[in-house]
Amino acid sequence: MLKLPIPFIFFVFLSCISAKAQKVTLKEKAYNMEELTIDSLLTKYVFSSSNGLKMPYRLFSPKNEAKTKIPLVVFLHGRGDRGVDNDSKIYHEAGIITNSNSLLETTMQSQYPCHILIPQCSDKTENEEWAKWIGNSPETPFKGLGTDGTYKMSPEPSESGAAALELIEQTIKDKNIDTDRVYIIGLSMGGFGTWEFTARKPHLFAGAIPMAGYSDPDQLEKIKHISFWIFHGDIDKWNPVTGSRTMFKLLSNSNADVKYTEYRNTGHGESFKKAFNETELIPWLFSKKRKMNSSQKKL
């Protein structure tokens, strides 16, 4: 049996540790470079809304904007990403941006050209969210949320909700947007927002993807003309899956264009990851065009 001197063994051991550390560093460096590329494509802005709120947001627009009008995709982040920093946390869970099939990629833009808007919700009070429900206040931020995954929408939107809707409409005016192809995607708190934004401005959206959010079933008549693909995990501990099941049933019974995907043995955050990995998600979304109820007017 070959015997190696102890100093040599110790040297090899240190070399292995060093090599492993170098690999980790290189991997981290590559990841950071990837983040930097994504971040550099999403331009930072601040929107001054009519309610006085200054809302940070990111906007992606194709470098060579086409003369023809193109869609707008709005992404609403979750509750943990509220604030005013406007950093990568507001899009870090958005698979349409961070996945291998990112809409920022040149090949994807050639197939699905679009603008992407990502507003950041304020955290100036404990109850500030994209949605606003009856019972929601700084003192009782979660009062009014039912154990069945539903709530009753407040007559007035939250400050962040109102500002974001105003920002969406301003972006449509400022950019060469196809007003028949405005889409909204939101997860968790953003799932609440997706249901609520479509109800507060039902004439704006062609397609909506709410992921693991609460909803207000009383808004059915306002939104049933919009195409929905709903996602939820069946063991979600934060936002009850029954809310999404209820909305799917109501929309289906109204002959709406609706899909529902419920993941088995899947919790809250994992459901977003699975949803963004659905190969048909982007083609489904971009195939949708705005429909109107008889009582609604186009922009």
Is I209 linked to I90 within one hydrophobic cluster, defined over Ile, Leu, Val, Met, Phe, Trp and Tyr using a side-chain heavy-atom separation of less than 4.5 Å? yes

Check for me, please, whether I118 and F286 land in the same ILVMFWY cluster - side-chain distances under 4.5 Å, paths through other members count. yes

Kindly give the heavy-atom pair with the smallest separation between [X] and [Y], and that separation in Å.
X: R200; Y: M153; value: NH2-CG, 3.3 Å
X: Y151; Y: L145; value: CB-CD2, 4.0 Å
X: I235; Y: N265; value: CD1-C, 3.5 Å

State whether E262 and R245 are salt-bridged, where the test is any N-O pair (Lys NZ or Arg NE/NH1/NH2 against Asp/Glu carboxylate O) under 4.0 Å. yes

Is R79 salt-bridged to E126, cutoff N-O under 4.0 Å? yes

Contacts of H232 that satisfy ring pair (Phe, Tyr, Trp, His ring centres under 6.0 Å) - sequence neighbours left out: none

Going by side-chain hydrogen bond (donor to acceptor under 3.5 Å, both in side chains), name the pairs with one or both residues in residues 99-113, residues two or more places apart or in two chains. N99-N277

Please check if the number of heavy atoms outside K249 that lie under 6.0 Å from its NZ is greater than 12. no

Just do the ring pair (Phe, Tyr, Trp, His ring centres under 6.0 Å) check on F228 and F248 with the steps written out, would you? CA-CA 9 Å; F228 283 92; F248 173 62; over 10 Å; no

Mark yes or no for whether T194, through its side chain, and P210, through its backbone, hold a donor-acceptor pair below 3.5 Å. no

Taking W133 for the side chain and S215 for the main chain, is one N or O donor matched with an acceptor at less than 3.5 Å? no

Before you tell me yes or no, could you show the steps for W229 and Y260 under ring pair (Phe, Tyr, Trp, His ring centres under 6.0 Å), namely the whole-Å CA-CA distance, both residues' side-chain angles and the distance that decides it to 0.1 Å? CA-CA 6 Å; W229 191 346; Y260 177 50; over 10 Å; no

Starting from the C-alpha separation in whole Å, work towards a yes-or-no answer on side chain to side chain contact (heavy atoms under 4.5 Å, CB included) for K274 and T266. CA-CA 9 Å; K274 290 183 177 182; T266 300; 2.7 Å; yes

